[in-house]
Amino acid sequence: MSVTASAANPLIEVRKVTKRFGGTTALDQVSVTVEAGELLAICGENGAGKSTLMKILCGQYTEYEGEVLLRGQPLRLSGIKDAEAHGISIIHQELNLVEELSIAANIFLGREMVRGGFFLANGEMNRRAGEILTQLECRIPPETLAGQLRIGDQQLVEIAKALSLGSDVLIMDEPTSALTEAESARLDRVIGQLRQRGVTILYISHKMEEIFRLADRIVVLRDGKNVTTVKREEVTPREVAHLMVGRELNWDRQPHGEKDSEYSVVLEVCQLSRRWPQHPREWKLREVSFTARAGEILGFAGLMGAGRTELFECLYGNSDDEVLGDIFLAGKRVRFEHPAEAIAAGMAMVTEDRKRLGLFANLNVGENMTLNSLHQDRNAARIVEKGRETKRCRDMVGQLQVKTAGLQAAIGSLSGGNQQKCVMGRALLTQPQVLLLDDPTRGVDVGAKAEIYRLIRDLAQRGMCVLMASSELPELLHLCDRLIVLNEGRITAEFSAAEATEQAIMEAATVNSAKGRGPSDQNLGGGS
Amino acid sequence: MNWLKKYQTELVLLIGIVLVYGITAYFNDAYIERFQYNVTTLILHPAAILGIFALGAAVVIISGGIDLSSGSMIALSAATVCLLMVLFSHWGFATDGRLPAWCIAAAMGATLLMGLLVGTIHTWLITVVQLPPFVATLASLVGLRSLAIIMNKAVTASMGNQSIKVNVNDPTFFTIGEQWWIAMAVFLVLALFLYVILNHTVLGRHLYALGGNEQAAKLSGIRTERLKWFAYSFAAFTAAVAGILFAARIQQSDPESQGRAGELFAIAAAVIGGCSLAGGIGRVTGVVLGAIFLRTVIDAVAKLVTAGSDDFEGMIVGLLVVLAVAFNQLTDSKEGWRKQFFPGFFGTAALASVSLLVMAVASFSLRMSGRETAWRDGILAGVLTAIVLTVFKLVAIFAKRERARVATSGNLP
């Protein structure tokens, strides 16, 4: 396929594409043009719509409004295979290799070479795979099982797969998020090589430094809309960060009172570290320390993979990794081995992925809510008294204003917002001292969001200590009394409500945290 | 209406039991003439024993696991209880050929305790060694029966003449095995116990939660390993109870045949009773009726073809399980009955296979029941099946074309 760059005739043109998931609009009238042979960086906050756009381009989402043109021709992809046939490949953040198969088998998966129409031509496939890998500076034998490779090499296998398909458009979704410095450098060189061959690259990244090193142009998305497309030379990283977050705030900022002296410290975390086995970063969390008071809403900001969920897991006793450091709850040192212990001690958590980690599709609304606290309704004979259970549940449904046909209704019949209220109700029915909220408004419509915010504020006013992680900055700014920014497992900034601005938070969240490392830590990072 | 929807499975099974019994009675006079014998000895007694360990299988299935060991567990517990009783009389505890009550109670108690131990080992293998439940209980499936055989041989050898089977001649034990209502009473007590646990205790709610979403259950502070301990121990315990009743019924431990394929019957009864193999769904009432329904059908077929019911058991169970699961999935799925059952080239191959299977089943079954024209009739049945299914396939293809035409003519180019 001949690729000639010409400004008049873009390679890919996305015209006013809109994608909705139920009530939420992930992409709203987004238009992007991609020139042949360029490296176009796509940036935006979590949830800005980058991945959705890429999934449309690679054929994963087939239903959307608007149109996509490839070389001037309208393109309606029917699936990933179809996209590959058109020369478009994607390299996902979570790699899609079959770990039990060899590199060569992975590269040719689904289109294996055969001899005599039936027998696998393993030799031929290994040879071809070897050739491609060599071009990519990867000297691993193609017979090696994919599962034995480091992440960086697995990524190269995905790239090799794309090359063997003859793809001339390559989409990379945060390719360096799990790479070591050396692997990142090699990826840079591979990208240079690909570009020499005329491959067009769409590059999603949070890391400003990378974007400014590699990109020709930068598309900024925000809240599913495209903000602007700029040439790299014409902007500074600071300006791009500003473009990413510079939305108008939808809410008035609440006046946040100082809560230092009158409220007691409920939770104190000292030098908490959590290992990350077999990963170049080595630590999911590194020396995290903070305190949280009763009646306070403490926010945790950070990009995907910054360690927000990992931190909450540690606090909630749901970590299988080695954890160092101390946690004090109401002045007592605690170390929870199981969420049951955390709940008994007065912690409650609302998990991030509602469907996977929160809901029980086989239980009804009432059963979903009382699950964590059902033992309260037992009588002397250890039988659950349905009357007591129903009463507690009905009170909570009223308090949270859950819209449901009844306590017997199937949980799946509720809207996302009401499901989330049920999950919060489950946590609240355990009467916790400390409430951990991990992205509590994800997949929730605007109306329910406002209700959930009001609820959180009420809880804090009644003296609960609320820790809230969110990928939506405005939400954190709106609700929180204090804000902690996590970046690659470390705290890089802490703001009071008065000091915090979106730009400042974004800078702290995207700054290369390695620059802040002490000498001892640099050894840790470089040892891989 | 709501109530009807919830207990749909139970209702269908009840109607099914009455219907199957009625049809059999119409064709076979024995069902009317020897009504009591048929209902109690041939249906309810075996159904109760099957139901007992089906309850255990159901608890494990509801908690999201699977227990393949119950058949072998039955063989092992039958061997244990018989050997203990034989040893007790060997040691001279019997007076006038009758063991005192405490001896029988001790033998049974020890057997039940052994059930709990086996359940504990299963739980340990699953939660600590982290074997999949399928593998852990598969090991027991092959291992425990072999252990029972060795136990019988070893103990009988030490008492004089080595044998695989162990006979017990005790009047009390005989009564326990002979009276159908004893098995039924044990079944109902266990069913009631399980009903209370599942519907009225924290433990029960947590079992459903575990089966529905294990990760979320752990995050809800549920000690999932303790729940599994209950589930697998209860399963092994009920298999031990069934093993004792099996042994009492024939006054013998026969580890080579006792409880063979029992695990599959138990799982079948649970699934027919509405348990989902994906976990989290199932009710005691369904399992009870599932066991009775399964037994009724097996007995009905035996009556109709006038051959040993044992020979047909496997075929009936297989068919019923497929039908029950397919029925549940079709009523739950979006496509429902509009689903295309024989799509594409593969569908044609499946269609031919199903027709051939029908032909084989029909002709051999008819031959066994002594019909002269069995082969001709069997082939006819196969051909008829093929024709009917082909018509279905064609209708489905045309319906799909029609839908596609309607869909495309409206909007897209």
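To find a chain, count down the sequence lines: A is the first, B the second, and so on, and within it residues start at 1.
Contacts from residues 309-318 of chain A to chain B, taken as heavy-atom pairs separated by less than 4.5 Å, involve Tyr316(A), Asn318(A) in sequence order. Residues of residues 200-207 of chain B that come closer than 4.5 Å to chain A, counting heavy atoms only, are His200(B), Thr201(B), Val202(B), Arg205(B), His206(B), ordered by residue number. Applying a 4.5 Å heavy-atom cutoff, the residues of residues 417-435 of chain A that approach chain B are Arg426(A). By a heavy-atom distance cut of under 4.5 Å, Ala340(A), Glu341(A), Ile343(A), Thr351(A) are the residues of residues 340-352 of chain A near chain B, going up by number.
Here the side chains of Asn213(B) and Leu357(A) are not in contact, with every heavy-atom distance at 4.5 Å or above.
Of the two parts of Ala278(B), neither the backbone nor the side chain holds a non-hydrogen atom closer than 4.5 Å to a non-hydrogen atom of chain A. Heavy atoms closer than 4.5 Å to chain B are found in the side chain of Arg378(A), but not in its backbone. The contact between Leu371(A) and chain B is made by backbone and side chain atoms together, counting heavy-atom distances below 4.5 Å.
Contact count against chain B (heavy-atom pairs under 4.5 Å) is highest for Leu374(A) among Leu374(A), Asp377(A), Thr370(A). For the set Gly280(B), Gly279(B), Gly221(B), Gly212(B), the entry with the most heavy-atom pairs within less than 4.5 Å of chain A is Gly221(B). Residue with the most contacts toward chain B among Arg382(A), Glu385(A), Glu367(A): Glu367(A) (heavy-atom pairs, distance under 4.5 Å). Per-residue counts of heavy-atom pairs under 4.5 Å with chain A were compared for Leu219(B), Ile197(B), Ile222(B), Val196(B); the largest is that of Leu219(B).
Counting heavy-atom neighbours within 6.0 Å of Lys16(A) NZ, excluding the residue itself, gives a total of 12 or less. With a 6.0 Å radius and a threshold of 12 heavy atoms from other residues, nucleotides or ligands, Trp276(A) has its CH2 atom above the threshold. More than 12 heavy atoms of other residues, nucleotides or ligands sit less than 6.0 Å from atom CG of Asn379(A).
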